[in-house]
Amino acid sequence: MAIVIDFKNAIRKAIFKKDDTVNFYFNEILRVQYPYVFFYIPSFSLERAIDPEHWRKVKLMCVVEYAKDEDSTAAELWEYMDTLAEAYKLFDFLDTKLRVENPEFKLVDGVLQMTFDLEFYAREKDATELMEYLDLTIKHGGKNGTNTAKI
């Protein structure tokens with residue numbers, strides 16, 4: 001799930017570079033403040049690692065919606081199409097530049113909706129910590145008493 005949150009943050013950053021006057025919502029809107037951009041992911045898949053370096057293929061279906069106000073006209077919504085398209089043409093995600101190609105735009109229930117699919121590879125984060133140094137003393141009784149060895 002962390003990769004979805006990282007992706008949401010990249011989407012938010014991309015839109016704020018083009019328009020920092022909008023309110024950004026993810027997943028659900030409890031109380032709307034206009035104008036807003038609402039982002040959600042209806043479909044997400046993460047394939048198994050393809051190599052020992054832990055690269056995994058990520059597939060996302062993304063939806064970005066924009067509303068200027070409660071009674072936005074179609075013309076006002078279509079005016080924002082270029083802003084959305086430009087914001088997501090090329091954006092940063094972790095250490096990668098992602099490009100949205102062939103987004104689809106339509107008006108749905110009084111909002112401008114942009115949908116797009118993305119496929120990319122992401123490196124898994126290894127949460128384990130490797131031991132750098134081990135201080136270990138082994139004591140055993142021998143013929144001459146106790147012998148000690150440090151490793």
Side-chain angles (χ1 to χ4, degrees), residues 1-138 150-151:
M1 184 65 172
I3 197 166
V4 172
I5 300 305
D6 289 341
F7 190 75
K8 179 258 307 180
N9 292 336
I11 291 287
R12 177 179 34 214
K13 186 177 178 182
I15 192 64
F16 283 161
K17 279 184 179 178
K18 289 292 176 186
D19 183 1
D20 63 358
T21 66
V22 297
N23 297 289
F24 184 88
Y25 298 100
F26 173 68
N27 203 27
E28 61 183 295
I29 300 175
L30 300 177
R31 186 180 320 142
V32 69
Q33 291 184 334
Y34 294 96
Y36 71 82
V37 168
F38 174 52
F39 170 69
Y40 61 98
I41 301 171
S43 177
F44 169 78
S45 70
L46 183 63
E47 295 182 6
R48 287 188 310 150
I50 60 172
D51 64 22
E53 295 290 319
H54 305 293
W55 287 93
R56 297 180 81 177
K57 187 175 188 177
V58 179
K59 293 181 183 180
L60 296 166
M61 173 192 271
C62 301
V63 180
V64 181
E65 295 180 344
Y66 167 77
K68 183 174 181 179
D69 54 43
E70 192 171 351
D71 298 317
S72 300
T73 66
E76 290 172 324
L77 295 173
W78 285 119
E79 285 176 3
Y80 205 76
M81 183 181 80
D82 289 337
T83 302
L84 285 179
E86 192 64 32
Y88 301 116
K89 184 181 286 184
L90 187 65
F91 66 98
D92 295 316
F93 173 67
L94 300 177
D95 294 331
T96 307
K97 294 275 189 197
L98 295 180
R99 177 182 300 279
V100 171
E101 294 187 23
N102 305 318
E104 181 181 324
F105 292 91
K106 59 186 167 186
L107 297 181
V108 178
D109 297 329
V111 299
L112 174 65
Q113 187 178 80
M114 179 177 95
T115 57
F116 58 92
D117 296 321
L118 282 177
E119 262 187 42
F120 57 92
Y121 287 89
R123 184 182 298 270
E124 277 187 4
K125 293 181 182 176
D126 189 354
T128 60
E129 191 175 314
L130 295 177
M131 183 172 32
E132 292 182 19
Y133 178 73
L134 174 64
D135 187 10
L136 176 67
T137 302
I138 300 173
K150 282 201 171 205
I151 298 175

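Every value quoted in this text rests on a predicted model; they were computed, and no experiment measured them.
Listed here is the closest heavy atom pair of Y66 and L77: O-CD2, 3.6 Å. Between A87 and A14, the shortest heavy-atom distance links the atoms O-CB, 3.5 Å. Residues K18 and T83 come closest through the heavy atom pair CB-CG2, 4.0 Å.
Side-chain contact between Y80 and V22 is present, with at least one heavy-atom pair separated by less than 4.5 Å. A 4.5 Å side-chain heavy-atom check between Y88 and I15 finds at least one atom pair inside the cut-off.
Annotation: side chain to side chain contact (heavy atoms under 4.5 Å, CB included) contacts of A75 (sequence neighbours excluded): T73. For K59, the salt bridge (charged side-chain N to carboxylate O under 4.0 Å, His left out) partners at least two apart in sequence or on another chain are E47. Judged as a ring pair (Phe, Tyr, Trp, His ring centres under 6.0 Å), and not counting sequence neighbours, the contacts of F93 are F7, F120. For D69, the side-chain hydrogen bond (donor to acceptor under 3.5 Å, both in side chains) partners are S72, not counting sequence neighbours.
Within the structure, the side chain to side chain donor-acceptor pair (under 3.5 Å) test picks out the following pairs touching residues 98-117 (sequence neighbours left out): E65-Q113. Under the salt bridge (charged side-chain N to carboxylate O under 4.0 Å, His left out) criterion, the residue pairs touching residues 74-92 are K17-D92, K68-E76, E86-K89, D92-K97, with sequence neighbours excluded.
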For W78 and L107, what are the C-alpha separation, side-chain angles and deciding distance, and is it a side-chain contact (heavy atoms from CB on, under 4.5 Å)? CA-CA 8 Å; W78 285 119; L107 297 181; 3.2 Å; yes
Check the pair L60 / F116 against side-chain contact (heavy atoms from CB on, under 4.5 Å), numbers first and verdict last. CA-CA 8 Å; L60 296 166; F116 58 92; over 6 Å; no
Can you check side-chain contact (heavy atoms from CB on, under 4.5 Å) on L98 and L90, steps first, answer last? CA-CA 6 Å; L98 295 180; L90 187 65; over 6 Å; no
Side chains of residues 24-44: which donor-acceptor partners sit under 3.5 Å, not counting sequence neighbours?
residue	atom	partner	partner atom	Å
Y25	OH	R31	O	3.3
Y25	OH	Q33	N	2.9

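The environment of CE in M81 is crowded: more than 12 heavy-atom neighbours from other residues, nucleotides or ligands sit within 6.0 Å.
Annotation: the span from E119 atom CD to S45 atom OG amounts to 7.5 Å, rounded to 0.5 Å.
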